[in-house]
Amino acid sequence: VTIWFYDINDKFYKKIDAKNMFLIGNKWHAKKLVINDKERINVIQDKIEIPTNLDPDFILQKIVNNFEDVKLFSIISLPKLIDNLESAGFSSRKFKVYFHFLLNQPFLFVCMTLIAAYFSINNIRNRNNMVIVLIGVMFGLSTYISLNIINALGASGLLPAFMSTWLITLLFSALATLLMFKKE
């Protein structure tokens, strides 16, 4: 655990490094820590208590949940959780990606239905039915794989949350529209 201390003017004045830290009541308790400030460098201290205004329930509900599976949260609770994490200074990236993914999902289903309609509407006399069905299955599989890869890129921070979820849907909906026009 590393704690950085800043004054009112946002100037750094002290840093504490500890192997672990516990929130008991309204104080952080640390043992065997290293303190660095203007007067001391790498001073080892046995224990310290640091007062805080953090609520222990906040720690359990918000910070610990950041390491859990994002799929445990409903679409209704995600905006408030994202705001709470951001106001506390924690990363809410994977929650934003999941929130946009949930908003995006109905549009993705419509898009996939249009693409499936293109591959399933065939003339009975067409001899290449199996090839077209195989192409349709491969197209659906590639959509699923590309959506998961781009969502992972968004959750890792390489792509913005909005782009990592809505880009695939926009591209495939444009493609589905073009395919349906071609079929007609």
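Fair warning: this is a prediction, and the values are worked out from it, not measured in the lab.
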Single-linkage hydrophobic cluster, 4.5 Å side-chain cutoff, Phe162 and Phe95 together: yes
Leu141 side, atom CG; Met138 side, atom CE - distance, nearest 0.5 Å: 6.0 Å
Distance, nearest 0.5 Å, that separates CD1 of Ile115 from OG1 of Thr143: 5.0 Å
Pair listing, salt bridge (Lys or Arg N to Asp or Glu O under 4.0 Å) test, anchored in residues 28-37, at least two apart: Asp37-Arg40
Single-linkage hydrophobic cluster, 4.5 Å side-chain cutoff, Ile50 and Tyr6 together: no
Flag side-chain contact, heavy atom, 4.5 Å: Ser146 against Ile168: yes
Path from Val97 to Leu167 over hydrophobic side-chain contacts below 4.5 Å: no
Nearest heavy-atom neighbours spanning Pro51 and Lys27: CA-CG, 4.1 Å
Point-to-point distance, once rounded to the nearest 0.5 Å, from CD1 of Ile135 to OG of Ser142: 11.5 Å
Short side-chain to backbone donor-acceptor contact, Asn36 and Asn42, under 3.5 Å: yes
Heavy-atom pair of closest approach, residues Leu33 and Ala30: CD2-O, 3.6 Å
Ile76 CD1: over 12 foreign heavy atoms closer than 6.0 Å: no
Within-4.5 Å side-chain heavy-atom neighbours: Leu159 and Ile150: yes
Heavy atoms from other residues, nucleotides or ligands near CD1 of Ile41 exceed 12 (cutoff 6.0 Å): no
Sequence neighbours excluded - side-chain hydrogen bond (donor to acceptor under 3.5 Å, both in side chains) pairs with any residue from residues 148-165: Tyr144-Asn148
Gap separating the CD1 atom of Ile3 from the CD1 atom of Ile35, nearest 0.5 angstrom: 10.5 Å
Residue pairs fulfilling side-chain hydrogen bond (donor to acceptor under 3.5 Å, both in side chains) with at least one residue in residues 96-109, sequence neighbours excluded: Glu86-Lys96, His100-Trp166, Asn104-Thr169
Nearest-0.5 Å distance that lies between atom CG in Leu175 and atom SG in Cys111: 7.5 Å
Members besides Phe109 in its Ile/Leu/Val/Met/Phe/Trp/Tyr cluster (side-chain heavy atoms under 4.5 Å): none
Residues in side-chain contact (heavy atoms from CB on, under 4.5 Å) contact with Leu178, at least two apart in sequence or another chain: none
ILVMFWY cluster, Ile145 and Leu170 together (side-chain gap under 4.5 Å): no
Verify same cluster id: Leu108, Met180 (apolar side-chain graph, 4.5 Å): yes
Derivation and outcome, side chain to side chain contact (heavy atoms under 4.5 Å, CB included), residues Val43 and Val34: CA-CA 5 Å; Val43 175; Val34 178; over 6 Å; no
Ignoring hydrogens and angles, write down the donor-acceptor pairs under 3.5 Å from the side chains of residues 8-23, residues two or more places apart or on other chains.
from  : atom 1 : to    : atom 2 : distance (Å)
Lys15 : NZ     : Asp17 : OD2    : 3.4
Asp17 : OD1    : Thr2  : OG1    : 2.8

Nearest-0.5 Å distance, CZ of residue Phe172 to CG of residue Leu114: 13.5 Å
